[in-house]
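Reading through the structure tokens given below for one structure.
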Amino acid sequence: MSRVISKKFFDRATVTVAEELLGKTICRRLKSGKILRARITETEAYDGFEDRASHAHKGVTTRNVVMFGPPGRSYVTLCYGVHCLFNVTTREKGYPAAVLIRGLHGVDGPGRTTKYLQIDRSQNDQLLNRVNGLWLEDDGIGPEQGSVIALPRIGVEYAGTNWSKKPWRFNWSAN
DNA sequence: TGCGCGATTCTC
DNA sequence: AGAATCGCGCAT
């Protein structure tokens with residue numbers, strides 16, 4: 001038995017949301033009608049105005065404006081001109097924050113995640129619900145106590161050690 | 001209007 | 001180790 005995760009889940013501390021997203025299921029309805037489902041195994045938190053690793057740390061721009069919007073929406077960005085990355089926004093409107101979905105069960109890497117789920121920039125800034133074909137579900141299955149590890153975020157060395165070393169990446173290796 | 005760069009991944 | 005590839009952000 002699964003329930004759709006609502007906006008309220010994301011209107012909380014970003015690091016908490018990042019950790020609790022482990023084990024939740026991403027659901028994606030393709031144009032064909034087929035529905036893909038995959039469990040989240042790795043996330044990263046990007047939080048607030050001060051976080052120098054975040055796209056939002058220099059203030060609002062056309063690119064990052066979704067991060068400043070309401071929680072529970074999709075934030076899809078093109079990375080290195082090659083790969084789309086999928087985030088879910090957190091915190092209240094006006095506060096820039098999001099959780100990057102880095103990996104799914106059997107799908108390792110943020111670029112591979114969007115490729116598998118067939119998410120591109122046309123899915124940017126959408127409410128996550130069934131109507132929009134992209135949503136999250138909680139079936140009650142998730143990491144056991146102690147099976148989540150916190151690690152430094154990847155690819156953000158430019159942010160300086162203070163920020164790049166923060167253990168804001170959460171990994172659940174289900175066996 | 002132009003230029004440099006990145007929350008990555010794949011191939012050599 | 002290096003390429004691929006392009007929208008964005010900031011400087012002309």
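Residue numbers start from 1 in every chain, and the chains themselves are labelled A, B, ... in the order their sequence lines are given, proteins ahead of strands. Quick caveat, the model's predicted, so the values are computed rather than measured.
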Provide, to the nearest angstrom, the distance between the [atom1] atom belonging to [X] and the [atom2] atom belonging to [N].
| X | N | atom1 | atom2 | result |
| --- | --- | --- | --- | --- |
| A/H83 | B/dT9 | NE2 | C1' | 4 Å |
| A/W168 | B/dA7 | CH2 | C1' | 14 Å |
| A/R169 | B/dT8 | CZ | P | 10 Å |
| A/D51 | B/dA7 | CG | C1' | 10 Å |
| A/L78 | C/dG9 | CG | C1' | 15 Å |
| A/M67 | B/dA7 | CE | P | 11 Å |
| A/L85 | B/dT9 | CG | C1' | 11 Å |
| A/E42 | B/dT8 | CD | P | 11 Å |

Item to check | Of the listed nucleotides B/dT9, B/dA7, C/dG7, the one nearest the side chain of A/R121 | outcome: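 The answer is C/dG7, which lies nearest to the side chain.
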Checklist entry - Where the side chain of A/R112 is defined as all heavy atoms beyond and including C-beta, which of B/dC10, B/dA7, B/dG6 is the nearest nucleotide? => result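 Closest of the options to the side chain of A/R112: B/dC10.
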Next on the checklist: For A/F10, does the six-membered ring have the charged nitrogen or CZ of A/R12 within the cation-pi criterion, i.e. under 6.0 angstrom from the centroid and within 45° of the normal?
Outcome noted: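 No; the conditions do not both hold, so A/R12 does not lie above the ring face of A/F10.
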Students often get this wrong, so: under 4.0 angstrom with heavy atoms, is [X] touching a base, only sugar-phosphate, or nothing?
| X | answer |
| --- | --- |
| A/V156 | sugar-phosphate |
| A/Y75 | base |
| A/R153 | nothing |

Next on the checklist: When you measure from the side chain of A/S74 to the backbone of A/Q126, do you find a donor-acceptor pair of N or O atoms at a distance under 3.5 Å?
Outcome noted: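 Yes, the answer is positive, given that a donor and an acceptor are paired below the 3.5 Å cut-off.
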Show me the donor-acceptor pairs within less than 3.5 Å that the side chains of residues 127-134 of chain A make with the rest of the protein, sequence neighbours left out.
unit_1, atom_1, unit_2, atom_2, d
A/N129, OD1, A/V131, N, 3.3
A/N129, OD1, A/N132, N, 2.8
A/N129, OD1, A/N132, ND2, 3.3
A/N132, ND2, A/L127, O, 2.8

Phosphate contact ([N] OP1 or OP2) by [X] side-chain N/O below 4.0 Å:
| X | N | result |
| --- | --- | --- |
| A/T62 | C/dG9 | yes |
| A/H55 | B/dA7 | yes |
| A/T61 | C/dC8 | no |
| A/Y158 | B/dA7 | yes |

Check: [X]/[Y] side-chain N/O donor and acceptor closer than 3.5 Å:
| X | Y | result |
| --- | --- | --- |
| A/N87 | A/T89 | no |
| A/H57 | A/Y46 | no |
| A/D47 | A/Y95 | yes |

Checklist entry - If the P atom of C/dT5 is compared with that of B/dG2, how far apart are they to the nearest Å? => result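 These two P atoms come out 22 Å apart once rounded.
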Checklist entry - Can you check whether A/Y46 stacks with the B/dA7 base, using ring centres under 5.5 Å and planes within 30°? => result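 It does: the ring sits over the base of B/dA7.
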Checklist entry - Closest approach of A/A18 and A/T43, non-hydrogen atoms and distance? => result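 Where A/A18 meets A/T43 most closely, the heavy atoms are O-OG1, 2.8 Å.
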Item to check | Range-with-range stems for DNA chain B, at least three Watson-Crick or G-U pairs under 3.5 Å | outcome: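 As far as DNA chain B goes, consecutive pairing (with distances under 3.5 Å) yields the stems B:1-6 with C:6-11, B:8-11 with C:1-4.
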Next on the checklist: Which residue is it: A/R3, A/R39, A/R37? I am looking for the one with a side chain to side chain donor-acceptor pair (under 3.5 Å) to A/D139.
Outcome noted: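 When side chain to side chain donor-acceptor pair (under 3.5 Å) is applied between A/D139 and each of A/R3, A/R39, A/R37, only A/R39 qualifies.
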